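A quick write-up on the structure given underneath.
Labels below follow one simple rule: chain letters A, B, ... track the order of the sequence lines, proteins then strands, and each chain is numbered from 1. Values in this document were obtained by computation on a predicted structure and should not be read as measured data.
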Protein chains: 2
Amino acid sequence: MKRVTLLDVARHAGVSRATASLVVRNSPLVSSATREAVEKAIAELGYVYNLGAARMRASRSQTVGVIIPNLTNPFFAVLLSGIESVLEKAGFAVILANSYDSPVKQDMFVGRAREHGVDGLIVCPAAGTEKRFIEDALKWGMPIIQTLRAVPGTVTDYSGMDQHDGMHEAVNCLYEFGHRKIGYIASTLYHSAHTERLAKFREAMSARGLEPLFVRHLESTHQAARMAVPEIMNQRIRPTALLCHNDVLALGLHRGLCDLGVMPGRDVSLIGFDNVAETDLVIPGLASVATEPFKVGESAANLFLRRIQQPDAEFLTKVEPTYFVQRGSCGPVRDFADA
Amino acid sequence: MKRVTLLDVARHAGVSRATASLVVRNSPLVSSATREAVEKAIAELGYVYNLGAARMRASRSQTVGVIIPNLTNPFFAVLLSGIESVLEKAGFAVILANSYDSPVKQDMFVGRAREHGVDGLIVCPAAGTEKRFIEDALKWGMPIIQTLRAVPGTVTDYSGMDQHDGMHEAVNCLYEFGHRKIGYIASTLYHSAHTERLAKFREAMSARGLEPLFVRHLESTHQAARMAVPEIMNQRIRPTALLCHNDVLALGLHRGLCDLGVMPGRDVSLIGFDNVAETDLVIPGLASVATEPFKVGESAANLFLRRIQQPDAEFLTKVEPTYFVQRGSCGPVRDFADA
DNA sequence: TGGCGCGTTTAGATCGATCTAAGTGTCAAA
DNA sequence: TTTGACACTTAGATCGATCTAAACGCGCCA
């Protein structure tokens with residue numbers, strides 16, 4: 001039982017290999033009569049196009065390497081979904097890698113992706129990725145799109161989100177509710193999204209003449225956040241509001257606060273980032289800055305398609321807006337001294 | 001700027017193409033002296049192995065097509081993670097597809113995967129997948145592993161979970177708490193996991209001499225579940241406990257019940273399935289039957305590796321155990337007639 | 001000296017497509 | 001009748017690796 005090749009198809013249809021090749025590539029150069037004959041032969045023989053062989057000669061592989069730091073984080077899963085949906089429509093296959101935020105794993109995968117002859121890479125760089133990583137790709141002439149995070153000091157196509165509006169709206173809301181003692185809960189992973197969000201926070205605060213009460217770094221899991229609550233709330237100066245780097249941390253804190261009998265929105269205000277589906281699940285609902293990872297993923301994929309078509313086009317940055325979504329976890333300040 | 005080929009490497013090292021090929025394939029046939037020379041040449045020229053060309057001759061592509069119904073469901077994202085982690089270690093590249101539970105999309109992807117020359121498929125079949133889908137793959141000699149769901153009437157390697165223990169423990173817990181009027185919330189998607197879980201529920205119920213109070217089908221989203229609560233609770237005979245097909249539904253109901261002022265665990269008992277991270281987030285915590293999607297994914301990938309090595313081995317089924325995790329949402333029955 | 005075995009190396013065919021450049025046949029214009 | 005344009009078709013080289021089968025150098029034994 002041997003594989004059916006284009007030559008078999010050609011013979012069966014009574015044409016040459018070259019003509020059959022033109023048919024499978026939808027070339028306008030063939031007459032409709034021969035096209036039909038070849039297509040009939042293809043169907044009859046159950047021919048399967050061999051992209052591997054085609055790629056070798058034509059050097060286009062119709063595959064893209066996609067590197068995501070952590071698939072189990074729903075936020076990234078949705079990002080990936082957005083990327084996949086666009087590439088799928090464009091006829092590209094997604095070769096996936098989970099970097100676990102490890103630059104070493106990331107390097108390994110890129111090596112493998114090159115062996116597979118991918119047409120390019122879409123990467124959300126692992127925390128701590130070196131500049132060299134991006135520079136190498138550019139040196140090899142490998143199209144590379146960065147998304148959500150960008151390695152500092154590098155210039156490539158980039159798809160991310162504009163944290164400015166959402167963060168300002170969030171801080172503004174807290175300010176209007178009378179909050180002045182606002183703490184920031186960051187994650188322990190260092191990457192550009194982290195840095196940028198924190199910077200936007202400081203900026204929004206100082207625009208209101210405020211200083212952050214503190215910035216605390218926690219491992220980005222529900223559990224770690226939940227556990228950290230007592231320590232956070234029993235500081236010398238107690239915060240009246242907490243703003244978190246993401247919803248994973250915020251939801252963990254939400255639960256931790258409830259454990260202590262401290263009611264989010266009444267006793268302390270809490271705001272997350274990402275507006276994941278679960279924000280609506282807890283009581284009171286978690287106020288959060290909405291970002292649209294699916295759209296960011298789509299943009300990243302579109303930037304990739306653009307770069308494939310115009311390899312020498314100038315680098316582009318696309319950002320999706322963010323906006324604050326108010327829910328019960330954010331409310332007027334309440335001075336504990338009164339109680 | 002041309003691509004560096006094995007021939008370039010060979011010339012640079014002063015050996016033949018064939019010898020260089022033996023080196024890159026780690027053949028024991030080459031002397032260590034020539035091996036070193038070739039490896040030096042590879043490093044100096046920055047040679048990148050061309051898997052595409054290799055595959056064509058050797059017909060092993062080191063790629064696997066993985067089809068998942070819905071990436072944005074964290075449960076599947078974790079499954080995918082498990083699959084990826086094993087395949088990555090084994091040197092396989094994952095070509096990913098999101099079927100959105102559409103058999104048509106699924107077919108399209110398989111076509112593309114064949115063109116890419118994947119060595120096999122790992123599939124969680126879309127709801128409504130026809131028998132033909134699996135039979136075709138077998139006919140083509142394409143190794144195929146089914147995971148989590150299996151197309152009825154087909155026999156392949158399969159990695160899933162044993163729903164029996166968890167379901168019996170859950171029903172048992174409800175029974176001990178005095179619940180007799182137990183409703184089941186199913187999803188609107190029909191596939192084997194759905195059917196099997198419902199069957200296990202009926203089985204566990206009748207083992208205790210009970211009949212399900214009702215079986216209600218809902219779209220598997222937080223929102224749909226939340227909205228359905230009033231209707232579910234205002235039936236002629238009010239359920240004292242609800243068991244759900246998955247945690248998405250259960251968490252939606254949890255919130256919907258709270259909206260009505262009906263407290264899970266006190267006024268009505270609620271049990272989910274999957275034990276996702278969010279079960280710990282809501283108050284009271286959501287009791288749930290734990291399943292281990294990461295392990296199921298690992299098993300699926302291992303079954304695949306086994307089949308590649310032994311194409312004619314008998315079909316194997318691997319199941320991960322499930323177990324009930326008790327939390328606050330499940331408590332003693334409370335008769336509303338008393339209130 | 002010739003023949004044999006052993007470890008290593010190699011030339012040349014091959015995988016299945018695409019590309020190039022040349023070759024059909026047909027028809028209208030010169 | 002020749003010419004050229006046009007629409008289509010094709011033989012053969014080619015991509016970059018692997019495979020096969022043969023050859024090489026060397027030592028050993030008859």
### Task
Could you check which residues of residues 37-51 of chain B get a heavy atom under 4.0 Å from DNA chain C? Sort them by number, please.
none
### Summary
Residues in residues 21-35 of chain B with a heavy atom under 4.0 Å of DNA chain D, by number, are B:S21, B:R25
### Message
Under a 3.5 Å distance rule, please check whether A:D101 uses its side chain to pair with a backbone N or O of A:A126 as donor and acceptor.
### Response
no
### Summary
Residue set satisfying salt bridge (Lys or Arg N to Asp or Glu O under 4.0 Å) with B:R114, at least two apart, ordered chain then number -> none
### Message
Check this for me, if you would: do B:R3 and B:D8 make a salt bridge, where the nitrogen-to-carboxylate-oxygen distance has to be below 4.0 angstrom?
### Response
no
For residues 81-93 of chain B, which side-chain N or O atoms pair as donor and acceptor with protein atoms under 3.5 Å away, sequence neighbours left out?
residue: B:S81; atom: OG; partner: A:N98; partner atom: ND2; Å: 3.2
residue: B:E84; atom: OE2; partner: A:N98; partner atom: N; Å: 3.2
residue: B:S85; atom: OG; partner: B:G82; partner atom: O; Å: 3.0

### Query
B:Y190: what forms a side-chain contact (heavy atoms from CB on, under 4.5 Å) with it, not counting sequence neighbours?
B:H194, B:H217
### Message
Holding to salt bridge (Lys or Arg N to Asp or Glu O under 4.0 Å), I want the full list of residues that pass it with A:E115, two or more places apart in sequence or in another chain.
### Response
none
### Message
How long is the straight-line distance from CG of A:L29 back to OG1 of A:T19, given to the nearest 0.5 Å?
### Response
10.0 Å
### Query
With sequence neighbours excluded, what pairs up with B:S299 under the side-chain contact (heavy atoms from CB on, under 4.5 Å) test?
B:S159, B:K318, B:E320
### Query
At under 4.0 Å between heavy atoms, what does A:T19 touch on the DNA or RNA strands: base, sugar-phosphate, or nothing?
base
### Message
Test of understanding: with side-chain contact (heavy atoms from CB on, under 4.5 Å), list the residues that count as partners of B:E130, not counting sequence neighbours.
### Response
B:R132
### Task
Identify the heavy atoms of B:F133 and B:V123 that sit nearest to each other, and give their distance.
CE2-CG1, 4.2 Å
#### Entry: Start and end of chain A contact along DNA chain D [non-hydrogen atoms, under 4.0 Å]
D:dC8 to D:dG16
### Task
Scan side-chain atoms only and decide if B:S99 and B:S102 contain a donor-acceptor pair under the 3.5 Å cut-off.
no
### Query
Between B:E44 and B:K40, is there a salt bridge with N-O shorter than 4.0 Å?
yes
#### Entry: Inter-end axis angle, the helix from C:dT1-D:dA30 to C:dA30-D:dT1, with every axis fitted to five base pairs (rounded, 10 degrees)
80°
### Query
So which of residues 9-18 of chain B are in contact with DNA chain C, with a heavy-atom cut-off of under 4.0 Å?
B:V15, B:S16, B:R17, B:A18
### Query
Do B:E135 and B:T154 have side-chain atoms, one donor and one acceptor, less than 3.5 Å apart?
no
### Query
Looking at residues at least two apart in the chain, or sitting in another chain, which of them share a side chain to side chain donor-acceptor pair (under 3.5 Å) with A:S21?
A:R25
### Query
Side chains of A:S192 and A:T195: donor-acceptor distance under 3.5 Å anywhere?
no
